[in-house]
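Letters A, B, ... mirror the listed sequences (proteins, then strands); counts begin at 1.
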Protein chains: 2
Amino acid sequence: MAKFDLFQFVPFRLNRLAAEVSAALSDEYQVRYGLDIPEWRIIATLGFRDDACSAQFISQCTRTHKSTISRAVTALLDRALIERVENEDDRRAFELRLSAKGKALYEELIPRLLSKERDILSCLTAQERKDFAAALGKIERSLDLVQTRHGQKADAY
Amino acid sequence: MAKFDLFQFVPFRLNRLAAEVSAALSDEYQVRYGLDIPEWRIIATLGFRDDACSAQFISQCTRTHKSTISRAVTALLDRALIERVENEDDRRAFELRLSAKGKALYEELIPRLLSKERDILSCLTAQERKDFAAALGKIERSLDLVQTRHGQKADAY
DNA sequence: CTAAGATAGTCTCATTTGCAACCATCTAAA
DNA sequence: TTTAGATGGTTGCAAATGAGACTATCTTAG
């Protein structure tokens, strides 16, 4: 039989780890604030950027399907956590931004999530964390996952 | 606004990276062999272990829901890639093992997947790969994701 | 200007998945 | 024993998701 250890296989480990970490965080945004993952990603993207952005942008940079984003946008609009205005320049698109209520939620949620992240990574030394993040970055770049500031993939230029 | 960068947020990066890596691998087991992820996990687990194991074991150590495993087992039985025999000691449970056909598929698939994994990690130096794997291991252990040889979580003792 | 193709976003449909009820069997305690 | 609870596995159902069609709008080539 071929020598193979599923538990040493990096793709498997990444999947399992990502699922577990997501579950650990979901207590915060899901149980506490009733957000699912796509909704949380929209809040996070809008909160991170000062200016408004389109659903398309969010879809691209979070690598989430546009139909999933569309549904989550509708849900967030219903809860008045975000606002949507027609784009003057392109009337197919909308500008999305956090509402005051959405900003408040964002401000409250972020510290909790960062704290969870710290917990999860607290098993690594500072140097190990740095190296780990650097390795993630390298893999992301080699898989072409990195976005520029304008939300286009780097190779789109 | 709270200082927060979604693209520096490790849980998000893990999710995105895991999805992307899975997609890169699925060409091999999905397109080429018609296996979905749960099916591939079963094949991998059975191939890795010489002796038979239960659906429960596979479910636990791959962290995949038992109903998902149950359905995938049925599909693999239909394709005669695995075999199932009643367990003498516990007649609720079944012993699962690869069939000859399943073993052949396993032997063919594994080198392809390992090669893909190598490709994905080829952006790291040997030392970086080692450190990366070590960091994954530490996080897994701190999240209690590690299984013993007998398929029980370490803290189950 | 017009036509052809690209793009933003929504919607429907099929697939996947988790949850939970369920059955059969096992274990332990009275 | 008998009975209550735990466990292995299956199945029905509902929620989540991606694919892809579709509308409306934009862009570009002629």
Task: Residues forming a side-chain contact (heavy atoms from CB on, under 4.5 Å) with A:D36, sequence neighbours excluded - done: A:Q30, A:P38, A:E39

- [ ] Only counting residues at least two apart or in another chain, list the ones meeting salt bridge (Lys or Arg N to Asp or Glu O under 4.0 Å) with B:E86.
- [x] none

Open item on the list: Is it the case that the side chains of A:T64 and A:R41 hold a donor-acceptor pair, with the cut-off being a distance below 3.5 Å and no angle test?
Closed with: yes

Open item on the list: How close do B:F132 and A:L14 get, counting heavy atoms only, and between which atoms?
Closed with: CZ-CD2, 4.4 Å

TODO: Could you verify whether a donor N or O on one side chain and an acceptor N or O on the other, from A:S22 and B:N15, lie under 3.5 Å apart?
DONE: yes

Task: Any residue of residues 23-38 of chain B with a heavy atom less than 4.0 Å from an atom of DNA chain D - done: none

Open item on the list: Suppose we screen for salt bridge (Lys or Arg N to Asp or Glu O under 4.0 Å). Which residues come up paired with A:D51, at least two apart in sequence or across chains?
Closed with: A:R49

Task: B:S26 OG to B:L35 CG distance, which is reported to the nearest 0.5 Å - done: 11.0 Å

- [ ] Could I get the full list of side-chain contact (heavy atoms from CB on, under 4.5 Å) partners for A:R84, not counting sequence neighbours?
- [x] A:L77, A:F94, A:L96

Between side-chain atoms of residues 108-124 of chain A and protein atoms elsewhere (two or more places apart, or another chain), which donor-acceptor pairs fall under 3.5 Å?
from   : atom 1 : to     : atom 2 : distance (Å)
A:E108 : OE2    : A:Y33  : OH     : 2.9
A:R112 : NE     : A:Y33  : OH     : 3.4
A:E117 : OE2    : B:V10  : N      : 2.8
A:S122 : OG     : A:D119 : O      : 2.6

Task: N/O donor-acceptor pair under 3.5 Å between B:E128 side chain and B:T125 backbone - done: yes

Open item on the list: Using a strict heavy-atom distance below 4.0 Å, which residues from residues 67-85 of chain A are in contact with DNA chain D?
Closed with: A:S67, A:T68, A:R71

Open item on the list: Reading DNA chain C in the 5' to 3' direction, which nucleotide is the first one with an atom under 4.0 Å from a heavy atom of chain A, and which is the last?
Closed with: C:dA6 to C:dT12

Task: Start and end of the DNA chain D segment that chain A contacts, any atom under 4.0 Å from a heavy atom - done: D:dT17 to D:dC26

Task: Residues which pass side chain to side chain donor-acceptor pair (under 3.5 Å) with A:D78, listed by chain and number, not counting sequence neighbours - done: none

TODO: Name the residue closer to the 5' end of DNA chain C, choosing between A:A55 and B:T64 according to the nucleotide with the nearest heavy atom.
DONE: A:A55

TODO: Apply side-chain contact (heavy atoms from CB on, under 4.5 Å) to B:S70 and list each qualifying residue two or more places apart in sequence or on a separate chain.
DONE: none

Task: 5′-ward residue of the pair B:F94/A:R92 relative to DNA chain D - done: B:F94

TODO: Using the test side-chain contact (heavy atoms from CB on, under 4.5 Å), find all partners of B:S99 that sit at least two apart in sequence or belong to another chain.
DONE: B:E83, B:K101

